[in-house]
S.K.: 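Structure below; questions to follow.
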Number of protein chains: 2
Amino acid sequence: MKLNIANIRNTISTAGLKVTPQRVAVLEAIYKLGNHPTADKIQEYIRGEHSNIATGTIYNVLETLTEKGIIKKVLTDKDVMRYDGITESHHHLYCRKTEKIKDYQDTELDEIIRNYFKKKRIPNFEVDEIKIQINGKFKK
Amino acid sequence: MKLNIANIRNTISTAGLKVTPQRVAVLEAIYKLGNHPTADKIQEYIRGEHSNIATGTIYNVLETLTEKGIIKKVLTDKDVMRYDGITESHHHLYCRKTEKIKDYQDTELDEIIRNYFKKKRIPNFEVDEIKIQINGKFKK
DNA sequence: GTCTTAAATAGGAATTATTCTAATATAGGA
DNA sequence: TCCTATATTAGAATAATTCCTATTTAAGAC
């Protein structure tokens, strides 16, 4: 992943966006925090580490980055949106108890599903992306 | 589905819940409205059709019905929770453009996935349920 | 390096979804 | 019919997100 600032700046710039300190800070926070932070966590991180940033700006930046496909929104059972810096295809494990979300990559499963939808078409629907949400609980 | 009032009352009662007019109205609304209504849509429907109902009650009832497995919460990319009266295993088609959610049942696919996870275990995770979210767009 | 301007941000108010609270009402068993 | 635990009401409170407008700034042009 794009862990250093130069790469982050480059990612933003390549998407045709102005490289502002706020955008860099938000994207850096998402990469550093990992584990699908909320807007709130991102703000907290930025305010702790760096400078001040307006709440509205966080949401603006997140929206912009999402539009450009640099980050993704993550679905949750709760009403708070979360953000994910990994945009390669992957799935999520949702723990009912702890509300943790963990990434789950499984190329074999992807392959099986891709093959399945190659032969089977859904009428009147054009498939872009398939995400699998696996609910259960983490054993410790 | 349980379309008539007698069945709805029975569903609520069998779950060990008191059969109140509000619970009946909410569940009826979910069945009648279909298409995964929001709490707001449910309230609108009830206020139009029947009597008044407190907003807090809608949320209370939805929570209670969800706990008993009579309805399910549906994940969305937006921050508004939606509710589903169908609790048999099924998946959802999400349209990026119209934000419509359509049910998608596919027993063949379920079978493939069930078999897959029979042989492949995810370390430290106990799987309860697998949901597939298919993003794309409806062709008209 | 300076200028220019379209685009971005700040700060705070406004909105929206949801939860909470305490007072009142009621379902359903005794 | 009565009793009581549970549910509902109305409205206040909270939390997440969006909106608004004045100010600032990135980056391309000069």
Side-chain angles (χ1 to χ4, degrees), chain A residues 5-6 8-30 36-47 50-68 70-71 73-83 99, chain B residues 5-6 8-30 36-47 50-68 70-71 73-83 99:
Chain A
I5 303 295
I8 288 173
R9 298 180 64 89
N10 187 50
T11 303
I12 294 167
S13 166
T14 312
L17 298 172
K18 281 190 189 171
V19 180
T20 66
Q22 291 83 352
R23 283 174 178 165
V24 173
V26 168
L27 195 47
E28 191 196 353
I30 293 172
H36 320 90
T38 58
D40 194 53
K41 289 278 173 217
I42 293 165
Q43 173 156 347
E44 201 176 274
Y45 178 85
I46 293 173
R47 293 210 162 145
H50 304 257
S51 50
N52 199 7
I53 187 169
T55 310
T57 302
I58 304 256
Y59 284 98
N60 260 341
V61 169
L62 288 170
E63 199 53 40
T64 310
L65 295 178
T66 304
E67 273 166 23
K68 294 292 177 179
I70 297 170
I71 60 172
K73 291 184 176 183
V74 177
L75 303 175
T76 74
D77 265 329
K78 298 284 158 183
D79 60 348
V80 199
M81 193 53 65
R82 301 234 212 156
Y83 298 88
E99 281 178 32
Chain B
I5 303 294
I8 288 172
R9 298 181 64 87
N10 187 50
T11 303
I12 294 167
S13 166
T14 312
L17 298 173
K18 283 189 189 173
V19 180
T20 66
Q22 292 82 353
R23 282 174 178 166
V24 173
V26 168
L27 195 47
E28 192 196 352
I30 292 171
H36 321 89
T38 58
D40 194 55
K41 289 277 173 218
I42 293 166
Q43 173 156 349
E44 201 176 275
Y45 178 86
I46 293 173
R47 294 210 163 145
H50 304 258
S51 52
N52 199 6
I53 187 169
T55 310
T57 302
I58 305 254
Y59 284 99
N60 260 342
V61 170
L62 289 170
E63 199 52 40
T64 311
L65 296 178
T66 304
E67 272 165 23
K68 295 292 177 180
I70 297 169
I71 60 172
K73 292 184 176 182
V74 177
L75 302 176
T76 73
D77 264 331
K78 299 281 158 187
D79 60 349
V80 199
M81 194 51 67
R82 302 233 211 157
Y83 297 88
E99 280 179 31

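Every chain is numbered from 1 and lettered A, B, ... according to where its sequence line falls, protein lines coming before strand lines.
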S.K.: Quick one: does any side-chain atom of A:Thr14 pair with a main-chain N or O of A:Asn10 as donor and acceptor, under 3.5 Å?
M.R.: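 Side chain of A:Thr14 to backbone of A:Asn10: a pair is present.
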S.K.: Can you tell me how far the CG atom of A:Asn60 sits from the OG1 atom of A:Thr55, to the nearest 0.5 Å?
M.R.: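 Rounded to the nearest 0.5 Å, the CG-OG1 separation comes to 11.0 Å.
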S.K.: Using side-chain heavy atoms (C-beta onward) and a distance below 4.5 Å, is A:Lys73 in contact with A:Glu63?
M.R.: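 Yes - at least one pair of side-chain heavy atoms lies under 4.5 Å apart.
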S.K.: Do B:Ile58 and B:Ile46 make a side-chain contact, defined as non-hydrogen atoms from C-beta onward lying under 4.5 Å apart?
M.R.: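 Result yes, sub-4.5 Å side-chain heavy-atom pair found.
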S.K.: Could you encode protein contacts along nucleotides 20-30 of chain C as a string, one character per nucleotide from 5' to 3', using B for base contact, S for sugar-phosphate-only contact and - for no contact, with a heavy-atom cut-off of under 4.0 Å?
M.R.: B------BS--
S.K.: To the side chain of B:Gln22, which of C:dA10, D:dT9, C:dT18 is closest?
M.R.: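 Looking only at side-chain atoms, B:Gln22 lies closest to D:dT9.
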S.K.: Expressed as a whole number of angstroms, how long is the span from A:Arg23:CZ to D:dT24:C1'?
M.R.: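 About 14 Å, once rounded to whole Å.
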S.K.: Return the angle between end axes of the helix from C:dG1-D:dC30 to C:dA30-D:dT1, with five pairs used per end and rounding to 10°.
M.R.: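 The end-segment axes of the helix from C:dG1-D:dC30 to C:dA30-D:dT1 are tilted 40° relative to each other.
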S.K.: Check the distance between D:dT14's P and A:Asp40's CG and give it to me in whole angstrom.
M.R.: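 Rounded to whole Å, this separation is 16 Å.
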S.K.: Would you kindly give the CD1-to-C1' distance between A:Ile53 and D:dT23, to the nearest whole Å?
M.R.: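 Taking atom C1' of D:dT23 as the reference, CD1 of A:Ile53 is at 16 Å.
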S.K.: What's the CD-P distance between B:Glu63 and D:dA7, to the nearest Å?
M.R.: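 So the CD-P distance, B:Glu63 to D:dA7, works out to 13 Å.
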S.K.: From the set D:dA16, C:dT19, C:dA10, return the single nucleotide nearest to any side-chain atom of A:Tyr59.
M.R.: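 Of the options given, the side chain of A:Tyr59 lies nearest D:dA16.
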S.K.: Kindly compute the distance separating NZ (A:Lys68) from CD1 (A:Ile12), expressed to the nearest 0.5 Å.
M.R.: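 It is 12.5 Å, given to the nearest 0.5 Å.
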S.K.: Rounding to an integer number of Å, can you tell me how far B:Gln43 CD sits from D:dA10 C1'?
M.R.: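 Taking atom C1' of D:dA10 as the reference, CD of B:Gln43 is at 12 Å.
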S.K.: I want to check something: taking the side chain as every heavy atom from C-beta on, are B:Ile53 and B:Val26 in contact at a cut-off of under 4.5 Å?
M.R.: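 Yes; the side chains approach each other to less than 4.5 Å.
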S.K.: Rounded to the nearest Å, what distance is computed from the CD1 atom of residue A:Ile58 to the C1' atom of nucleotide D:dC19?
M.R.: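 The answer, rounded to whole Å, is 17 Å.
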S.K.: Taking side chain as C-beta onward, heavy atoms only, is A:Val24 less than 4.5 Å from A:Thr20?
M.R.: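 Counting from C-beta outward, A:Val24 and A:Thr20 never come under 4.5 Å.
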S.K.: Whole angstroms only, please: what is the CD1-C1' distance between A:Ile42 and D:dT17?
M.R.: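 It is 13 Å, rounded to the nearest whole Å.
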S.K.: Is the backbone N or O of B:Lys18 less than 3.5 Å from a side-chain atom of B:Arg23, with the two atoms forming a donor-acceptor pair by type?
M.R.: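 Judged by distance alone, yes, a pair lies under 3.5 Å.
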S.K.: Do B:Leu62 and B:Ile30 have side chains that approach each other closer than 4.5 Å (heavy atoms only, starting at C-beta)?
M.R.: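 Side-chain contact under 4.5 Å: yes.
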S.K.: C:dA7 C1' sits how many Å from A:Lys68 NZ, rounded?
M.R.: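 Taking atom C1' of C:dA7 as the reference, NZ of A:Lys68 is at 13 Å.
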S.K.: Kindly say if A:Asn52 contacts the phosphate of C:dG11, meaning a side-chain N or O under 4.0 Å from OP1 or OP2.
M.R.: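 Yes.
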